[in-house]
J.: 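Please see the structure below; I have some questions.
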Amino acid sequence: MSAEFGGPKDPSGPSGHGGPTGLGGLRGRLTRWLRGGDPAGPTAEDDRVTLLLAAAEAGLPLAPAAHPAAGYGCSCDRVGCPTPARHPVSFAWQTQSTTDRAQIERWARHQPGANFITATGMTHDVLDVPLEAGREALERLLAAGVEVGPVAESDDGRMLFFTLTRGTPEDEDEWWPCELDCHPETMDEHPGLRWHCRGSYVLVPPARLPGGDGDRQVRWVRGPEHPFPEPLTLLESLTDACARHAAEQGHDQDHATGPAWPSRR
């Protein structure tokens, strides 16, 4: 799906060069939507809704989120918004999040500029890493034949790996937190690998980010048609890539990546 919707080429394509970009018209219409310009009729909005419904059909519960706006950079109009265009519209986002097609279509129709978040820890988690570390890990995982699942890139320098969740055990006593767990209010404490599980969320493509020339976005590299993998099948490669990335950046490895493997408390 990713290539058709204007994301970077999938490294899993033939000879490692990715699939064809294709469907340039769809890419152009989405680009106009991402820049907040004239969508040239209903097609750009239709394409946006198609992407959102594909995510919901894959099991990602969605809820409306803020979007870039003039002034403070966020449609919420909060002075000094700490996460402009990256947070849900409603404080009840955890109960509001849904995969219901009709509800998502209503939200998209009534809030044509809105981004959408997906609540993690319900049906899926997200392993969130620095972009360069994520690209390195993705290449290694695909070369090794590991089932990776959906992956998104964000122009704020992050890569998102969508996985099955560890957040809904049949026996609640089996729930285990780990040091990598990340919540919206603790993002800055996790510059390396972030594990979005219960009580967290991420933006789902297509989403617009503030800054730049209006073309900063979150987009699919591998679309939601790919099955979600178990998170532990990706975790070692991601933490190793984060450690190398931190070393190259001159950061303290322990601070940048946290523990290589989660531990039960």
Side-chain angles (χ1 to χ4, degrees), residues 1-7 23 25-69 74-77 83 85-126 149-152 154 160-165 167-168 184 196-209 217-228:
M1 175 178 289
S2 55
E4 289 92 333
F5 293 125
L23 295 182
L26 173 54
R27 180 176 181 175
R29 294 193 298 270
L30 280 171
T31 298
R32 283 191 289 274
W33 176 81
L34 287 162
R35 291 179 174 175
D38 182 358
T43 51
E45 178 61 16
D46 290 345
D47 298 336
R48 167 179 170 253
V49 174
T50 296
L51 277 172
L52 294 172
L53 291 177
E57 289 168 6
L60 304 183
L62 306 183
H67 58 85
C74 185
S75 58
C76 73
D77 289 334
T83 55
R86 296 174 176 86
H87 61 83
V89 171
S90 171
F91 289 114
W93 57 270
Q94 292 190 71
T95 55
Q96 185 184 52
S97 297
T98 184
T99 59
D100 182 75
R101 181 186 184 94
Q103 180 61 67
I104 292 166
E105 288 177 327
R106 283 193 294 270
W107 280 333
R109 183 170 63 252
H110 295 148
Q111 303 176 58
N115 288 333
F116 279 76
I117 59 97
T118 179
T120 54
M122 296 180 182
T123 60
H124 73 290
D125 291 353
V126 171
V151 180
S154 173
L160 310 175
F161 291 77
F162 290 73
T163 72
L164 294 172
T165 185
T168 55
H196 297 274
C197 190
R198 291 184 174 186
S200 191
Y201 57 81
V202 297
L203 286 175
V204 67
R208 294 179 291 153
L209 300 174
Q217 59 181 288
V218 181
R219 59 190 169 272
W220 289 116
V221 177
R222 288 168 53 86
E225 73 276 11
H226 295 281
F228 297 144

J.: Indicate yes or no: at least one non-hydrogen side-chain atom of Arg222 is less than 4.5 angstrom from one of Pro150.
T.: no
J.: Using the ring of each side chain (for Trp, its six-membered ring), is Phe116 parallel, tilted or perpendicular to Trp107, with breaks at 30° and 60°?
T.: tilted
J.: With the side chain counted from C-beta on, respond yes when Pro64 and Gln96 share a heavy-atom pair under 4.5 Å apart, and no when they do not.
T.: yes
J.: Quick one: do His87 and Trp93 satisfy side chain to side chain contact (heavy atoms under 4.5 Å, CB included)? Show the steps, please.
T.: CA-CA 10 Å; His87 61 83; Trp93 57 270; over 6 Å; no
J.: Please step through side chain to side chain contact (heavy atoms under 4.5 Å, CB included) for the pair Ser75 and Val89, ending with a clear verdict.
T.: CA-CA 9 Å; Ser75 58; Val89 171; 5.9 Å; no
J.: Please determine if Arg109 and Glu105 form a salt bridge, counting it only when a charged side-chain N lies under 4.0 Å from a carboxylate O.
T.: no
J.: Between Asp125 and Thr165, is any side-chain donor less than 3.5 angstrom from a side-chain acceptor?
T.: yes
J.: Within the structure provided, determine whether Pro61 and Thr123 are in side-chain contact (heavy-atom separation under 4.5 Å).
T.: yes
J.: Side-chain contact, heavy-atom cut-off 4.5 Å: Ile104 with Val49?
T.: no
J.: Is there a side-chain contact between Leu60 and Val204, using heavy atoms and a 4.5 Å cut-off?
T.: yes
J.: Identify the heavy atoms of Asn115 and His67 that sit nearest to each other, and give their distance.
T.: ND2-CA, 3.9 Å
J.: Determine whether a donor-acceptor pair (N or O, by modelled atom type, separation under 3.5 Å) exists between the side chain of Arg208 and the backbone of Val218.
T.: no
J.: Are Pro206 and Arg219 side-chain neighbours, meaning at least one heavy-atom pair lies under 4.5 Å?
T.: no
J.: May I have the step-by-step check of side chain to side chain contact (heavy atoms under 4.5 Å, CB included) for His124 and Thr118, ending in yes or no?
T.: CA-CA 9 Å; His124 73 290; Thr118 179; 2.9 Å; yes
J.: Could you walk me through whether Glu225 and Trp220 pass the side chain to side chain contact (heavy atoms under 4.5 Å, CB included) test, one step at a time?
T.: CA-CA 11 Å; Glu225 73 276 11; Trp220 289 116; over 6 Å; no
